[in-house]
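We're numbering straight along the sequence, starting at 1. In this text the structure is predicted, and so the values were computed from the model without any measurement.
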Amino acid sequence: MASKGVLYIIISGPNDYQRAIEGLRMAEYQAGEGTHGVALMLQGEGTEWLRDGNEDYRKEIQTSIGVVHELGSPVFICGASKNERGLTASMKDYQFTNSSAPKRISQVVSKGWQLAIF
């Protein structure tokens, strides 16, 4: 059975930004084609990308998150991870969707989507 879409889950934070940016680049490129379902979830340390910062890699990652969002792909923020870190489901002018990670993952898998975890 062919996949109906991919949920990219970013669990890598600032200590492993190389891994995070690779996953986000893949999500961005796939979202840009518009031929497959794409969604993005920031979970665990991945929610740290919502924080302000001046590091070049942070700016690149935040730009990719914004591009995925602007291309019409949903961006979900794990509510538990966000709350543990005192964050909100927003980044600059972007507002994202709070979500329960286990529930969202179960939903997309039951619909025939694949998971890509970075």
Quiz item: Can you tell me if Glu45 uses its side chain to pair, donor with acceptor, with the backbone of Ile10 under 3.5 Å?
Solution: no

Quiz item: Is the closest side-chain donor-acceptor distance between Gln30 and Tyr8 under 3.5 Å?
Solution: yes

Quiz item: Using 4.0 Å as the upper bound for N to carboxylate O, is an ion pair formed by Arg25 and Glu22?
Solution: yes

Quiz prompt | Minimum-distance pair of heavy atoms, taken over all atoms of Leu7 and Trp113 | solution = N-CE3, 3.8 Å

Quiz item: When you look at Val6 and Val38, which way does the side chain to side chain contact (heavy atoms under 4.5 Å, CB included) test go after all the steps?
Solution: CA-CA 5 Å; Val6 179; Val38 173; 5.6 Å; no

Practice problem: Could you pull out the closest heavy-atom pair between Lys82 and Asn98, with the gap in Å? | Solution: CE-OD1, 2.7 Å

Self-check item: Nearest heavy-atom neighbours spanning Arg58 and Glu48
Solution: NH1-O, 3.0 Å

Self-check item: Shared hydrophobic cluster for Leu40 and Tyr57 (ILVMFWY, side-chain gaps under 4.5 Å)
Solution: yes

Exercise. Check for a donor-acceptor pair, side chain of Thr63 on one end and backbone N or O of Lys59 on the other, with a separation under 3.5 Å.
Key: yes

Self-check item: Trp49 (side chain) donor-acceptor with Tyr17 (main chain) under 3.5 angstrom
Solution: no

Practice problem: Assess the side chains of Ser99 and Thr97: does a donor N or O sit below 3.5 Å from an acceptor N or O? | Solution: no

Practice problem: Please determine, by modelled atom types, if Glu70 and Tyr94 share a side-chain donor-acceptor pair under 3.5 angstrom. | Solution: yes

